[in-house]
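Okay, structure first, notes after.
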Amino acid sequence: MLLENLDSVPEYVSGTKDVPFKVRLSSNENNYGPSPKVIRRIKEISKETHRYPNSSYYRLKEVLADFNSVSPSNIILGNGSDEIFLNLFLIFLNSQNSLVTIERTFTYYKIVATMVGAKVIEAKRGDNFAISCENILSSVDKTTRIIIFPSPDNPTGVITTRECIERILKNIPESTLFILDEAYFQFVPKDKYWDSISLVKKYPNFIVTRTFSKLYGLAGVRLGYGICDESITRLYEKVRMPFNISLVAMESGIVALSDVEYYSKVLSLILKDKERVMVEFEKIGMWVLKESYANFLFIRASKNLDRRLLEYGIMIRDLRSFGYDNEYYRVTIGKSKENEFLLEVLPRCVG
Ligand code: PMP
């Protein structure tokens, strides 16, 4: 049975290829790196790595709870948000039920759901790659135990509204879990941002997940968290591995949250450069999705753009493994110098 399932599990294709490169714009990382305070703490803590971390992670949970105005019992932790999906799917999915997501999105949901034998239903997008709450609701059936999608979405960067999320929550039974993956939420402009955590307080079947891999520049450390009702935390604590968060991840997360100044500076640099890169892309005739609110751009350009850019050492993400045709790409906004280098060589790579 298990082997049969594994045959149909799609492969996870990483944005990081094993080839030499100068500039990596393929994995939505923060190329400025973690805050200097975090680096200092990692150096200090390296002397204590013969110790297991405190397995309740209470300190990190407290800091995250404070940051999100919830209680530590509302926090779940994962070795990246990927591990949170894995653990939640292990709790809620099996071969008798199903998961609803949106088509052509972050692929790991489908991989894990297929692995545990659940059926995966992919709701169609609306115009301009929009997330359609009608299509999501009409994809839900009696077997659906989990609904999950990202906002901002990967790879398009489109976002959902509070109305859309509440409409879904009001129309599903409490036994269906709704996970909103907010890996990129910090990049949403203020006038478009709304507070999803307030809905966790209202709906016990709603979970918001977040990560330190994007804005916080800690993808290599692996740390993600979820905010949910206590009843879900209790189940989660039963299935997670003992010591699933490393000592280094725990300490890095605590310090990263405290360095608001560094991360707001980096955030504004990335958002400013994103505007500039978008304008320049359009000037040379590339199509760019405008309603896109993460640290990357979703573009349509000539075939082989990724290979041509790699000749100059620039890595971007081709989106075939997400189900897009080979003219679509995702380009992470890097450091200003890297973005300038991209804009300099790009005219030689298109057309
Ligand atoms: N959700 C989305 C939408 C992502 O794009 C990614 C990473 N590319 C993740 C989750 C996984 O992040 P983490 O590094 O926290 O596992």
Side-chain angles (χ1 to χ4, degrees), residues 10-17 24-31 33-34 60 64 75-89 99 101-113 122 125 129 131 146-160 165 178-188 196 207-227 236 240-241 244-246 248-250 252-253 256-257 270 289 292-298 315-319 321-324 328-334:
E11 189 195 347
Y12 182 77
V13 180
S14 153
T16 311
K17 297 193 182 96
R24 185 152 93 203
L25 305 177
S26 54
S27 292
N28 301 339
E29 296 150 334
N30 168 0
N31 286 1
L60 174 58
L64 281 167
I75 304 286
I76 53 179
L77 300 170
N79 197 284
S81 34
D82 286 342
E83 196 208 358
I84 297 187
F85 307 139
L86 173 69
N87 287 333
L88 290 174
F89 290 14
L99 168 138
T101 184
I102 55 171
E103 60 176 347
R104 287 173 289 154
T105 189
F106 181 54
T107 53
Y108 194 58
Y109 316 138
K110 189 172 178 174
I111 293 173
V112 183
E122 297 178 293
R125 288 171 184 266
F129 303 93
I131 295 165
I146 293 185
I147 301 173
I148 183 168
F149 57 86
S151 177
D153 172 44
N154 173 10
T156 66
V158 296
I159 53 175
T160 38
I165 300 294
F178 179 5
I179 308 170
L180 186 66
D181 174 0
E182 289 195 330
Y184 302 94
F185 82 101
Q186 295 102 331
F187 301 100
V188 177
S196 56
I207 303 187
V208 174
T209 60
R210 293 175 172 179
T211 180
F212 285 80
S213 300
K214 307 302 172 185
L215 177 67
Y216 288 117
L218 289 167
V221 158
R222 314 301 299 129
L223 181 60
Y225 68 99
I227 301 165
Y236 189 90
R240 73 159 172 94
M241 269 194 326
N244 62 331
I245 308 302
S246 75
V248 175
M250 178 175 78
S252 308
L257 286 173
I270 293 171
L289 183 63
S292 181
Y293 303 103
N295 62 338
F296 52 80
L297 293 172
F298 178 67
M315 205 185 273
I316 63 166
R317 182 72 146 113
D318 109 72
L319 297 173
S321 62
F322 285 69
Y324 293 87
Y328 284 97
Y329 300 95
R330 193 190 65 201
V331 183
T332 308
I333 304 299

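Hydrogens, waters and symmetry mates play no part in the numbers below; they use all other heavy atoms, side chains included. Numbers for residues simply follow the sequence, beginning at 1. Every number for a ligand or one of its atoms is a count from 1 in the order of the listing.
Which parts of ligand 1 touch Lys214 is read off a 4.0 Å heavy-atom cut-off, strictly below it: atoms 7 (C), 8 (N). Of all atoms in ligand 1, numbered sequentially from 1 with element shown, those under 4.0 Å from a heavy atom of Tyr184 are 3 (C), 4 (C), 5 (O), 8 (N).
Between Lys110 and Glu122 a salt bridge is recorded (basic side-chain N to carboxylate O distance below 4.0 Å).
For the pair Asn28 and ligand 1, the shortest N or O to N or O distance does not fall below 3.5 Å. The shortest N or O to N or O distance between Asn79 and ligand 1 is not below 3.5 Å. For ligand 1, the polar-atom distance check finds no N/O of Tyr109 at less than 3.5 Å from any of the ligand's N/O atoms.
Tyr328 and Phe129 have perpendicular rings, their planes meeting at more than 60° on a 0 to 90° scale where under 30° would count as parallel.
Contacts of Ser81 with ligand 1, taken as heavy-atom pairs under 4.0 Å, involve both backbone and side chain. Contacts with ligand 1 closer than 4.0 Å are made by no heavy atom of Tyr108, backbone or side chain. Looking at Asp82 against ligand 1, both its backbone and its side chain come within 4.0 Å, counting heavy atoms.
Given atom 3 (C) of ligand 1, the protein heavy atom at minimum distance is Asp181 OD2, 3.3 Å.
Judged by the shortest distance from any of its heavy atoms, Arg222 lies inside the 4.0 Å radius around the atoms of ligand 1.
For the 3.5 Å distance criterion, the side chains of Arg330 and Asn154 qualify, holding a donor opposite an acceptor.
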